[in-house]
Amino acid sequence: MPGRVTPTRPPRHLADLDPAERRAAAAELGGPAFRADQLARHYFARLTDDPADMTDLPATSRDELAGQLLPRLLTAQQELSCDEGMTRKTLWRAFDGALIESVLMRYPQRVTMCVSSQAGCGMACPFCATGQAGLTRNLSAAEIVAQVVAGARALARGQVPGGPGRVSNVVFMGMGEPLANYASVLRAVRRITDPVPDGLGISQRSVTVSTVGLVPAIRRLTAEGLQVRLAVSLHAPDDGLRDELVPVNRRWPVAEVLETAWEYAASTGRRVSIEYALIKDVNDQPWRADMLAGLLAGRLTHVNLIPLNPTPGSRWTASEPGSMREFTGRLAARGIPVTMRDTRGSQIDGACGQLAAPSPAPRTRAAETQATGPRMPQPLQISARVP
Ligand code: SAH
């Protein structure tokens with residue numbers, strides 16, 4: 001597999017641990033085990049990790065407990081928003097300087113947090129900005145959960161336009177290949193979906209794990225017996241093209257990936273999402289739509305078409321509206337449920353495949369984005385920048 005993980009470990013955090021492990025950790029620190037439950041309530045229910053808020057803990061041990069079990073893992077470096085504040089991308093710096101991004105998207109009926117599971121990505125898909133930079137390291141479960149908690153906190157405190165709200169959906173579609181960081185992603189899924197105050201209490205059915213198609217890991221996920229949605233980034237129905245667009249296809253080709261996906265669908269009863277970025281003259285031909293339809297007809301599935309989002313230096317562009325309509329129509333004609341994903345966040349490079357944790361410094365990049373102006377009608381707002 002391309003890329004290597006640098007062996008740096010983020011500090012241990014409550015969200016890395018299940019309730020029993022947390023109690024053991026609290027006891028190790030010399031306090032009663034129920035301190036762990038109090039801390040969990042602060043973090044997952046009250047969405048705070050500030051010892052000053054923890055008045056139910058003895059003043060003498062508050063800082064120590066919070067410092068040991070709720071260390072601050074991510075620091076906001078930059079925040080960009082668009083859609084009148086309803087879409088916000090945050091660039092985070094981890095303890096070791098690794099940069100990751102998360103995106104909050106508020107819709108009338110739901111709020112989706114798109115989270116990163118790795119700093120960078122080792123899958124090397126040539127149309128994805130994250131894939132171009134390579135893998136820096138896996139994130140810990142708590143670093144993943146922290147992205148959701150930050151969004152939940154901003155919503156709870158009314159910092160997102162539209163009034164106080166909650167995170168209803170989590171999608172593992174930020175930076176990284178979630179199934180290449182299996183153990184941490186699974187732990188994060190548990191923390192996100194465990195009932196409050198053990199976790200954030202978001203329904204498993206509202207969590208989506210998206211993968212390039214790591215077959216053994218999909219099988220492992222099937223065996224977990226969870227109700228999370230599986231999304232497979234297919235992007236081509238034929239191995240010839242998919243080998244190029246999703247290089248890991250050379251290891252696990254289309255037929256094998258889909259077979260494993262259908263096993264997931266059969267075992268969970270949940271529709272598998274097939275992600276397909278429409279790239280002009282590359283994978284958007286009517287014959288490929290027919291070929292895709294042939295692979296999917298009669299299966300428990302749903303196709304999410306994504307107009308390719310531009311990435312720096314890429315020779316590819318999104319399909320023409322006419323080709324997209326034709327492609328959609330051919331799938332629909334075969335009875336395959338198909339939707340076109342919106343390109344939310346594209347003007348702040350926060351849409352699918354655009355998360356790249358910019359270097360040179362984010363400052364410069366924000367300035368550049370401003371100088372060239374937004375690609376969409378809404379004005380670009382730089383709502384916060386933490387130096
Ligand atoms: N590694 C995982 C999850 C992250 S990407 C995966 O590949 O599924 C989330 C989705 O955005 C994937 O379907 C990915 O293929 C898609 N994507 C990547 N680059 C894109 C781009 N430039 N335009 C549109 N979609 C893109």
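Just so we're clear, the structure is a prediction, and the values are computed from it rather than from any experiment. As the structure lists them, so they are numbered: ligands from 1, and atoms in each ligand from 1.
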How close does the nearest protein non-hydrogen atom get to atom 23 (N) of ligand 1, and which residue and atom is it? N309 N, 2.9 Å

Check: T311/Q354 side-chain N/O donor and acceptor closer than 3.5 Å: no

Would you mind reporting whether P11 and F95 have side-chain heavy atoms less than 4.5 Å apart? yes

So does A231 get a backbone contact from the side chain of S273, meaning a donor-acceptor N/O pair under 3.5 Å? no

Mode of I306 contact toward ligand 1 - side chain, backbone, both, neither (heavy atoms, under 4.0 Å): side chain

Measure the shortest side-chain to side-chain distance between T48 and R153 over non-hydrogen atoms and say whether it is less than 4.5 angstrom. no

Does atom CZ of R41 have more than 12 heavy-atom neighbours from other groups under 6.0 Å away? no

Check each atom of ligand 1 against the heavy atoms of G174 and keep those under 4.0 Å away; list them by number with element. 4 (C)

Nearest-contact summary for atom 5 (S) of ligand 1 - protein heavy atom, Å: M173 O, 3.9 Å

Would you please determine whether G176 falls within less than 4.0 Å of ligand 1 on a heavy-atom basis? yes

For ligand 1, is W316 a contact, meaning one of its heavy atoms is under 4.0 Å away? no

As an exercise, identify every atom of ligand 1 less than 4.0 angstrom from a heavy atom of T211. 6 (C), 8 (O)

Which of the numbered atoms in ligand 1 are under 4.0 angstrom from any heavy atom belonging to C128? 18 (C), 19 (N)

Tell me whether F127 has any N or O atom under 3.5 angstrom from an N or O of ligand 1. yes

With heavy-atom distances below 4.0 Å as the criterion, list the atoms of ligand 1 near F172. 3 (C)

Specify the protein heavy atom at minimum distance from atom 21 (C) of ligand 1: its residue, its atom name, and the distance to 0.1 Å. C352 O, 3.3 Å

Which protein non-hydrogen atom lies closest to atom 19 (N) of ligand 1, naming both residue and atom, and how far is it? G353 CA, 2.9 Å

Relative to each other, are the rings of F127 and H235 parallel, tilted or perpendicular (30° and 60° limits)? perpendicular

Can you find a pair of side-chain heavy atoms, one from R191 and one from Y43, that are under 4.5 Å apart? no

To which of G122, S233, A231, G213 does the heavy atom nearest atom 12 (C) of ligand 1 belong? S233

Examine the proximity of ligand 1 to V232 and report which part, side chain or backbone, both or neither, has a heavy atom under 4.0 Å away. neither

For ligand 1, which atoms, with element, lie under 4.0 Å from some heavy atom of T311? 22 (N)

Return the CG to CG distance between N181 and N138, rounded to the nearest 0.5 Å. 3.5 Å

Non-hydrogen atom of H235 closer than 4.0 Å to ligand 1: yes

Answer yes or no: is there an ion pair linking E21 with R187, defined by an N-O contact shorter than 4.0 Å? yes

Return yes when atom CZ of R219 has more than 12 non-hydrogen atoms of other residues, nucleotides or ligands closer than 6.0 Å, and no otherwise. yes

So for E177, does at least one of its heavy atoms come nearer than 4.0 angstrom to any atom of ligand 1? yes

Looking at Y107, is R344 sitting on its ring face, NZ or CZ under 6.0 Å from the six-membered ring centre and within 45 degrees of the normal? yes

Classify the contact between E275 and ligand 1 as side chain, backbone, both or neither, using a heavy-atom distance cut-off of under 4.0 Å. side chain

